[in-house]
Amino acid sequence: MPERAQPDQEPGHRHEDSQVPAVRPPAQRAAGRKAEAGGHQKGRRLGQPDQVLRIPALHHGQGPPHQRGVGQHPGRDGRRYQPLHPGLPAAAGQSGCGAVQGGPLVPQAQRTLLEIRQQRLQKLAELRELGYDPYPYRFEVSHRSADLQNLDDDAFPDDVRVAGRVVSVRRMGKASFVHLQDVDGRQQIYLKRDNIGEAAYEELFGRVDLGDFLGVRGAVFRTRTGEITVEVRELTLLSKSLRPLPNLKEKDGEIFDPFEDKENRYRRRYLDLIVNPEVRVHFMNRAKIIRHLRESLDGHGFVEVETPALQPLYGGASARPFTTYHNTLDQTLYLRIADELYLKRLIIGGFEKVYELAKDFRNEGMDRSHNPEFTMLEFYQAYADYHQMMDFTEKLIRGAASATGELQLTYRGQEIDLSAPFGRATYWGLLQKHGGPALAGLTTAEEVRSAAEQLGHNLPDELNFGQLLDKLFGILVEPHLIQPTFVMDHPKAISPLAKAHRDGDPALVERFELFIGGLEIANAFSELNDPIEQRSRLEAQAELASAGDEEAQTLDEDFLEAMEFGMPPTGGVGIGVDRLVMLLTGQESIKDVILFPAMRPGPS
RNA sequence: GACUCGGUAGCUCAGAUGGUAGAGCAGUGGCCUUUUAAGCCAUUGGCCGUGGGUUCGAGUCCCACCCGAGUCACCA
């Protein structure tokens with residue numbers, strides 16, 4: 001239960017990018033580039049996306065008969081065109097590039113971005129005039145880049161069809177090398193005028209830019225320099241690009257002029273994905289992790305359900321909500337901050353194992369580990385207690401980690417071992433371990449405050465007992481929770497939905513939070529199922545709320561009524577999926593595991 | 001919310017003490033039929049984040065604001 005599965009600051013982790021590869025100092029960059037060509041300046045190391053990105057070949061099937069290769073190639077020798085409009089501006093009077101009036105494409109220029117775009121629009125118009133469809137409907141792909149790159153030399157097929165985005169072009173007069181990028185990686189193609197025909201080479205390829213999509217058909221061979229390459233017989237333009245991509249070059253895994261401006265990368269993630277292959281890898285891994293979570297829960301008999309994201313009353317966590325309004329109902333609604341109370345209604349309704357994997361929304365600050373909308377997994381099991389949920393959670397996390405590779409990982413410079421049994425320690429035990437024996441048996445806000453002062457920490461005045469204690473825990477203990485650790489048996493004051501501890505201390509509940517690498521990953525309880533007790537706990541929260549605690553939980557009568565019909569003993573767990581992904585993919589900012597993180601509106 | 005750093009060409013970045021905005025890549029024109037940061041020659045391109053101010057003169061100094069990153073605070 002995500003009473004607060006989006007945890008807080010992680011004090012004590014300020015290490016900067018220890019594993020971020022060195023980028024060549026700017027000053028050297030421009031200056032040295034030419035002079036040292038072939039040298040070994042430091043560039044940023046490329047990730048090795050391909051190992052994680054393997055995707056089975058999409059094996060061809062011919063297209064349906066009616067599909068007769070629309071736009072697949074302009075005719076064997078590029079012959080399917082009509083004469084240019086006589087008045088086509090660009091073609092007039094220039095010479096050079098084409099059999100038809102293919103000459104210099106843009107006569108004179110203004111050249112801002114606008115004009116690069118103008119040039120490309122010009123090429124687009126000329127291609128249409130020449131009879132090429134710049135936006136055809138489909139292309140049958142026989143191999144992806146990874147399929148070809150893995151071939152043995154004696155097994156090179158002589159008829160393959162590959163497609164991708166043009167990411168590099170090396171023109172050498174009447175022959176050219178081009179790299180096409182697809183999901184797996186890059187495939188070099190070799191275009192020779194004598195192979196594809198003068199028209200296709202000059203008219204069509206002459207108007208191809210970085211960023212365009214091409215489809216080609218040809219034979220596989222290995223070049224003199226050893227790269228597996230497609231020698232093209234037929235060239236098809238699949239999409240014309242009108243804007244220049246960030247251009248960066250790569251050699252031996254080093255990247256020059258990397259596209260790394262965070263703002264630009266987050267705002268235009270598609271460019272980030274095109275140009276920074278490791279980004280795609282992280283999101284592929286995110287998908288694998290989520291798939292593993294689902295498969296694992298399904299495999300254990302959990303039923304996936306969907307509950308309202310728009311709720312008349314928010315609850316199940318301590319957080320401020322987003323508020324919205326339904327016109328027809330004439331009703332204020334809140335975006336959910338947790339699924340908890342609805343999932344419990346389903347347990348009451350007779351589902352014994354349910355889960356929901358969904359977005360929650362919390363109207364709070366943003367930082368490296370908080371995004372206003374984030375992905376939460378919650379699962380509930382009837383007749384189970386928090387010990388069982390702890391064991392299951394441990395397996396679930398370990399399994400998710402193996403889905404992306406390693407059980408030993410480095411996060412923020414710390415070695416973390418997920419293969420060893422996760423640590424288990426009690427909340428108060430940890431407080432005393434890291435703060436001293438004086439931290440035993442505190443029961444009032446004043447005691448917490450003065451204990452904190454003794455340790456040299458001044459806590460804000462306006463906080464209540466639970467808030468103070470939690471803050472102190474954050475300061476004293478959380479920075480030490482690097483190896484996987486279940487923190488158990490929290491104070492009742494900060495756990496209004498958890499069942500009192502069975503061992504008799506009325507101030508404790510049966511709850512655990514899992515910390516790994518300083519991140520709070522999971523939060524779980526033996527769920528409180530005594531409706532009378534639940535009512536008084538929520539009433540206590542309501543009092544906190546009226547005393548100014550903006551995040552105290554709401555008193556949900558409908559939920560209490562449901563519980564009065566009888567709810568079985570239940571274990572429930574909430575897992576912050578984004579943080580789990582951060583950990584398993586080594587990302588230090590939640591923005592790097594969310595494709596489109598929240599941003600302020602930028603310049604138009 | 002506070003503080004620090006940053007915002008200059010499509011991309012990556014230079015632009016001491018204020019004095020006509022630069023480089024590489026990309027683009028454009030030319031040469032080049034196995035290249036791969038291809039190469040060679042030529043060449044274009046700027047609301048210097050926005051708005052005020054100081055000054056004969058501001059990318060540079062001052063003020064305010066916008067956007068981002070980071071740290072802290074808030075939050076749990």
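Quick note on labels: first sequence line is chain A, next is B, and so on, each numbered from 1.
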Grab the [atom1]-[atom2] distance between [X] and [N] for me, whole Å please.
X         : N      : atom1 : atom2 : result
Asp592(A) : G68(B) : CG    : P     : 15 Å
Glu250(A) : U12(B) : CD    : P     : 18 Å
Lys251(A) : A38(B) : NZ    : P     : 9 Å
Asp261(A) : A9(B)  : CG    : P     : 11 Å
Leu114(A) : G27(B) : CG    : C1'   : 14 Å
Met366(A) : A69(B) : CE    : P     : 7 Å
Phe205(A) : C32(B) : CZ    : C1'   : 14 Å
Met599(A) : C66(B) : CE    : C1'   : 13 Å

- Message: Looking at A37(B) and Phe256(A): do their rings stack (centroid distance under 5.5 Å, interplanar angle under 30°)?
- Response: yes
The side chain of [X] lies closest to which of these nucleotides: [options]?
X         : options                : answer
Asp194(A) : U34(B), G10(B), U33(B) : U33(B)
Lys123(A) : U35(B), G27(B), U12(B) : G27(B)
Ile116(A) : C75(B), G68(B), G27(B) : G27(B)
Lys591(A) : C32(B), A69(B), G27(B) : A69(B)
Glu263(A) : C67(B), U34(B), G27(B) : C67(B)
Arg368(A) : U34(B), G70(B), A37(B) : G70(B)
Asn247(A) : C32(B), G10(B), G68(B) : G10(B)
Asp367(A) : C32(B), C67(B), C74(B) : C74(B)

Return the nucleotide paired to [N]: Watson-Crick means purine N1 to pyrimidine N3 with N6-O4 or O6-N4, wobble means G-U with N1-O2 and O6-N3, both under 3.5 Å.
N      : value
A38(B) : none
A69(B) : U4(B)
U17(B) : none
G59(B) : none
U50(B) : A64(B)

Integer angstrom distance from the [atom1] of [N] to that of [M]:
N      : M      : atom1 : answer
C25(B) : U44(B) : P     : 15 Å
A23(B) : C5(B)  : C1'   : 24 Å
G18(B) : A9(B)  : C1'   : 23 Å
U17(B) : C13(B) : C1'   : 23 Å
A14(B) : G7(B)  : C1'   : 15 Å
C61(B) : G68(B) : P     : 24 Å
C66(B) : G29(B) : C1'   : 41 Å
G49(B) : U60(B) : C1'   : 15 Å

- Query: Taking the inter-plane angle between the rings of Phe512(A) and Phe486(A) on a 0 to 90° scale, is it parallel (under 30°), tilted (30 to 60°) or perpendicular (over 60°)?
  - Reply: perpendicular
- Message: Does the plane of the ring in Phe515(A) sit parallel, tilted or perpendicular to the ring in Phe473(A)? Use 30° and 60° as the thresholds.
- Response: tilted
- Report the residues that fulfil side-chain contact (heavy atoms from CB on, under 4.5 Å) with Arg165(A), sequence neighbours left out, ordered by chain and then residue number. Phe213(A), Leu245(A), Ile274(A)
Check the phosphate of [N] against [X], side-chain N and O only, distance under 4.0 Å to OP1 or OP2. Yes or no?
X         : N      : result
Lys249(A) : C11(B) : no
Lys471(A) : C74(B) : yes
Arg193(A) : U33(B) : no
Lys174(A) : U33(B) : yes
Arg171(A) : C32(B) : no
Asn264(A) : C11(B) : yes
Arg224(A) : U35(B) : yes

Can you say whether a donor on the side chain of [X] sits under 3.5 Å from an acceptor on the base of [N], or the other way round?
X         : N      : answer
Arg170(A) : U35(B) : yes
Asp257(A) : C11(B) : no
Glu231(A) : U34(B) : no

- Message: What contact category does Tyr266(A) fall into here, base, sugar-phosphate, or nothing, at under 4.0 angstrom with non-hydrogen atoms?
- Response: sugar-phosphate
- Within the structure shown, what part of the strands sits under 4.0 Å from Leu463(A) by heavy-atom distance: base, sugar-phosphate, or nothing? sugar-phosphate
- Query: By ring pair (Phe, Tyr, Trp, His ring centres under 6.0 Å), which residues pair with Tyr266(A), not counting sequence neighbours?
  - Reply: none
- Indicate, with yes or no, if the rings of Phe221(A) and Phe156(A) have centres closer together than 6.0 Å. no
- Query: Is the shortest distance from a Lys or Arg side-chain nitrogen in Asp272(A) or Arg280(A) to a carboxylate oxygen in the other one below 4.0 Å?
  - Reply: no
- Are Arg120(A) and Asp209(A) close enough for a salt bridge, meaning some N to O gap below 4.0 Å? yes
- Give the C-alpha distance, both sets of side-chain angles, the deciding distance and a yes or no for side-chain hydrogen bond (donor to acceptor under 3.5 Å, both in side chains) between Ser176(A) and Tyr201(A). CA-CA 9 Å; Ser176(A) 300; Tyr201(A) 192 80; 2.6 Å; yes
- Query: More 5' along RNA chain B: Ala175(A) or Pro244(A), using each one's nearest nucleotide?
  - Reply: Pro244(A)
- Item | 5' priority, RNA chain B, between Leu210(A) and Val178(A) [closest heavy atom] | Leu210(A)
- Task: Before giving the answer on side-chain hydrogen bond (donor to acceptor under 3.5 Å, both in side chains), spell out for Thr229(A) and Gln188(A) the whole-Å C-alpha distance, their side-chain angles and the decisive distance to 0.1 Å.
- Result: CA-CA 5 Å; Thr229(A) 301; Gln188(A) 181 167 264; 3.0 Å; yes
